[in-house]
Amino acid sequence: MITRVLLFIKHRLPWLWQLVEWLNAHLYSVLHRRAMLSHMQHAFTEFTLEGFIFRPVDDVDLPLLAALLERQGDERLRYFRPHGFDVPSLRRMMANPAFLMFGVWDAQGNMVGYFFLRCFWNRRCFVGRLIDQPSEGKGIGRVMNQIMYHTAWWSGFRCMTTISKHNQSIIRSHKRNPYVRVAGQLSNDYVLVEFLEHPPSQSSSGL
């Protein structure tokens with residue numbers, strides 16, 4: 001119920017969402033941030049991929065991240081709109097202690113991926129990821145998922161995302177994932193999905 005209310009506020013009441021984010025950032029920082037950052041560092045050590053570097057995004061990385069997002073084009077970003085993509089917007093997100101931003105770099109130092117955890121004080125977090133098209137199919141997404149999911153699970157958080165029913169490539173991918181549970185149907189043809197540390201006893205329907 002709380003998750004649905006938060007999603008409603010985010011998409012329908014942006015002025016109230018700013019207050020929610022401010023309050024959530026404070027509560028999350030006090031209750032969970034220190035432990036989650038420790039688990040995050042463990043996850044970066046545990047899950048790796050030869051030829052690529054996975055690490056948190058720093059302030060000096062923001063122009064590279066903005067360029068990565070800009071070159072994707074509108075169609076690839078159609079279902080990926082977690083925040084503004086210009087450097088000032090990215091800097092505002094980085095200033096939010098409850099929004100953890102991560103990047104992927106290849107051996108030549110090019111930023112080829114971006115992923116994040118949007119955390120809430122009630123032990124829920126939402127994940128998101130984007131891979132530069134020329135770098136798809138190299139195993140980057142698998143490692144991104146392992147880092148995000150395990151950071152959340154080890155911290156005692158439920159790990160979730162929202163998916164448009166019109167985003168067929170993602171729908172097909174999650175249908176093959178035995179660790180996915182449909183947690184609810186949302187407005188505008190979106191589905192609330194939870195990623196489970198252990199497969200459910202019965203397969204969930206809805207995707």
Side-chain angles (χ1 to χ4, degrees), residues 3 6-7 10-11 17-18 20-22 24-25 27-29 32-44 46-49 52-72 76-105 111-132 135-136 140-155 157-164 167 170 173-174 190 192-195:
T3 300
L6 289 172
L7 288 170
K10 179 184 177 183
H11 296 293
W17 178 250
Q18 293 181 10
V20 169
E21 287 223 288
W22 177 85
N24 175 70
L27 291 172
Y28 167 82
S29 295
H32 307 299
R33 181 173 168 84
R34 184 175 180 180
M36 181 167 273
L37 290 180
S38 176
H39 293 306
M40 177 196 74
Q41 293 299 332
H42 181 196
F44 276 113
E46 184 78 13
F47 305 108
T48 60
L49 180 64
F52 296 93
I53 296 173
F54 296 75
R55 64 168 175 80
V57 172
D58 293 325
D59 188 75
V60 295
D61 301 318
L62 296 184
L64 292 176
L65 176 54
L68 168 67
L69 295 166
E70 182 179 358
R71 68 175 176 262
Q72 299 311 304
R76 284 179 58 78
L77 297 175
R78 183 178 179 185
Y79 301 108
F80 186 82
R81 294 287 177 181
H83 47 63
F85 293 158
D86 57 286
V87 171
S89 296
L90 295 172
R91 187 164 285 118
R92 284 193 295 272
M93 296 310 300
M94 178 171 284
N96 182 348
F99 196 91
L100 307 182
M101 304 168 71
F102 315 124
V104 186
W105 285 261
M111 191 174 191
V112 297
Y114 168 57
F115 56 122
F116 64 82
L117 287 171
R118 183 189 289 271
C119 306
F120 290 90
W121 66 272
N122 63 340
R123 292 188 180 274
R124 305 288 190 274
C125 65
F126 285 78
V127 303
R129 75 178 206 193
L130 180 141
I131 303 170
D132 202 15
S135 297
E136 290 182 336
I140 293 173
R142 172 179 54 81
V143 178
M144 284 178 164
N145 290 346
Q146 289 173 328
I147 292 170
M148 291 187 296
Y149 300 169
H150 284 83
T151 296
W153 295 334
W154 292 341
S155 303
F157 276 59
R158 294 176 66 183
C159 188
M160 316 185 85
T161 193
T162 58
I163 304 172
S164 170
N167 192 351
I170 298 298
S173 173
H174 287 319
Y190 271 79
L192 179 64
V193 167
E194 180 175 4
F195 302 101

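At a threshold of 4.5 Å between non-hydrogen side-chain atoms, the residues Phe195 and His174 count as touching. Looking at Phe99 and Tyr28, their side chains never come closer than 4.5 Å, going by heavy atoms from C-beta outward. Counting heavy atoms from C-beta on, the side chains of Phe157 and Met36 come closer than 4.5 Å. Between Glu70 and Phe85 there is no side-chain heavy-atom pair separated by less than 4.5 Å. The closest side-chain heavy-atom distance from Val104 to Phe115 is below 4.5 Å. Two residues are said to be in side-chain contact when any heavy atoms from C-beta on lie closer than 4.5 Å; Arg129 and Ile140 fail this criterion. The shortest side-chain heavy-atom distance between Leu69 and Met111 does not fall under the 4.5 Å cut-off.
Across Val127, Leu192, Val193, a single residue satisfies side chain to side chain contact (heavy atoms under 4.5 Å, CB included) together with Met160, and that is Leu192.
Here the shortest heavy-atom pairing between Leu100 and Arg33 reads CD2-NH1, 3.4 Å. Heavy atoms only, all atoms of each residue included: Cys125 and Leu117 are closest at SG-CD2, 4.0 Å. Minimum heavy-atom separation, Val87 to Ala66: CG2-CB, 3.9 Å.
Checking side-chain atoms of Arg55 against main-chain N and O of Phe44 turns up no donor-acceptor pair under 3.5 Å. Remark: side-chain polar atoms of Asn24 are not paired, donor with acceptor, to backbone N or O of Asn122 under 3.5 angstrom. Asn145 places no side-chain N or O within donor-acceptor distance of the main-chain N or O of Arg142, the cut-off being under 3.5 Å. Using a distance-only test at 3.5 Å, with no hydrogens or angles considered, a donor-acceptor pair links the side chain of Arg123 to the main chain of Ser155.
Residue Arg81 places its CZ atom among more than 12 non-hydrogen atoms of other residues, nucleotides or ligands, all under 6.0 Å distant. Within 6.0 Å of atom CH2 in Trp153, more than 12 heavy atoms from other residues, nucleotides or ligands are found, so the atom counts as buried in its surroundings.
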Exercise for review: For Leu64 and Trp105, run side chain to side chain contact (heavy atoms under 4.5 Å, CB included): C-alpha distance rounded to whole Å, both residues' side-chain angles, the deciding distance at 0.1 Å, then the answer.
Suggested key: CA-CA 10 Å; Leu64 292 176; Trp105 285 261; 4.1 Å; yes
Exercise for review: For Leu130 and Leu77, run side chain to side chain contact (heavy atoms under 4.5 Å, CB included): C-alpha distance rounded to whole Å, both residues' side-chain angles, the deciding distance at 0.1 Å, then the answer.
Suggested key: CA-CA 9 Å; Leu130 180 141; Leu77 297 175; 3.4 Å; yes
Check your understanding: Where do Gln72 and Phe80 land on the side chain to side chain contact (heavy atoms under 4.5 Å, CB included) test, with the steps shown first?
Key -> CA-CA 11 Å; Gln72 299 311 304; Phe80 186 82; over 6 Å; no
Practice item. Step by step, work out the side chain to side chain contact (heavy atoms under 4.5 Å, CB included) result for Phe54 and Ile147. Key: CA-CA 9 Å; Phe54 296 75; Ile147 292 170; 3.9 Å; yes
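For Arg78 and Asn167, the side-chain atoms include no donor-acceptor pair closer than 3.5 Å.
Judged as a side-chain hydrogen bond (donor to acceptor under 3.5 Å, both in side chains), and not counting sequence neighbours, Gln146 has no contacts.
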Determine all donor-acceptor pairs shorter than 3.5 Å in which one atom belongs to a side chain in residues 90-97; sequence neighbours excluded.
unit_1	atom_1	unit_2	atom_2	d
Arg91	NE	Asp59	OD1	2.9
Arg92	NH2	Ser89	OG	3.0
Asn96	OD1	Ala98	N	2.9

